[in-house]
Amino acid sequence: MISLPSRDFLETRIEDYIISSEKVAHVQLGNSAEHALLVLTKTGYSAVPVLDLKYRFCGLINAQRITESILGMNHIEYERLPEIRVEDIMQTDLPLIKINDRFQRALDLLINQNFLCVVDDEGMFMGILTRRIIMKQLKKQIYQIRNNQ
Ligand code: AMP
């Protein structure tokens, strides 16, 4: 039987495990849906953050939202992509995580999200925390417990 991860693990600060903002592909307010689609396609990421000029987090954009915004009656209206702004179609109703939060909160939120956007108290974008990173840490913890039994 595997024991539960220790309280220490759940209390670990997420700060050391985030992918920092300078390494995160993003788009900016005012960018077109066409630009966002290019970024998503080139990077292969499922979604990227939308930031303002001061690097504050504004929302998330993904290919599904872009495609939905250009769905016509009978075909996809690709020609409309340059006119649509990311702020008009981005997702804004998503949970954020704070730089001082702990693994416990990340684990809860990453059940339904592939990655979380990390902000500071002023809403400045600090980076992302992915499910992959947390899963790796959880795996390490479980193997450690098993080896100590
Ligand atoms: P991964 O855990 O590497 O599969 O990443 C899961 C998701 O997190 C990706 O599909 C992206 O939406 C996002 N992501 C991961 N790394 C980055 C990055 N460097 N820049 C932007 N988004 C990222």
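Just so it is clear, the structure is predicted and the values come from calculations on it, not from any experiment. One-based numbering, in listed order, for ligands and for the atoms of each.
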Residue-level breakdown please: for H26 versus ligand 1, do any non-hydrogen atoms fall below 4.0 Å on the side chain, on the backbone, on both, or on neither? neither
Could an N or O of ligand 1 be found under 3.5 Å from any N or O of V48, whether backbone or side chain? no
Which residue and atom name correspond to the protein heavy atom nearest atom 9 (C) of ligand 1, and how close is it? Y45 CD2, 3.6 Å
Measuring from I128:CD1 to K23:NZ, what's the distance to the nearest 0.5 Å? 11.5 Å
Do any N/O atoms on A25 end up under 3.5 angstrom from N/O atoms on ligand 1? yes
Should you measure from each heavy atom of I128, which atoms of ligand 1 turn up under 4.0 Å away? 13 (C), 14 (N), 15 (C), 16 (N), 17 (C), 22 (N), 23 (C)
Would you say R105's side chain and K98's backbone share a donor-acceptor pair under 3.5 angstrom? no
Any heavy atom of T130 under 4.0 Å from ligand 1? The part involved is side chain
Please identify which atoms of ligand 1 are closer than 4.0 Å to at least one heavy atom of N114. 6 (C), 7 (C)
Around atom 19 (N) of ligand 1, find the nearest protein heavy atom and jot down its residue, atom name and distance. K23 O, 3.0 Å
Can you tell if the side chain of F9 reaches within under 4.5 Å of the side chain of L107, non-hydrogen atoms only? yes
Check whether any side-chain heavy atom of V118 lies under 4.5 Å from a side-chain heavy atom of F57, and answer yes or no. no
If you count the atoms of ligand 1 from 1 in the order shown, which ones are under 4.0 Å from a heavy atom of F115? 7 (C), 8 (O), 12 (O), 13 (C)
Taking atom types as modelled, is there a side-chain donor on Q137 or Q141 under 3.5 Å from an acceptor on the other? no
Working to the nearest 0.5 Å, report the span between CG of D8 and CZ of R102. 11.0 Å
Tell me, yes or no, whether the heavy-atom count around R13 atom CZ, taken from other residues, nucleotides or ligands under 6.0 Å, exceeds 12. yes
Please write down residue, atom name and distance for the protein heavy atom closest to atom 12 (O) of ligand 1. A47 O, 2.7 Å
Looking only at protein heavy atoms, which one is nearest to atom 4 (O) of ligand 1, and what is the separation? R132 NH2, 3.0 Å
Does R131 use its side chain to pair, donor to acceptor, with the backbone of I111 at less than 3.5 Å? yes
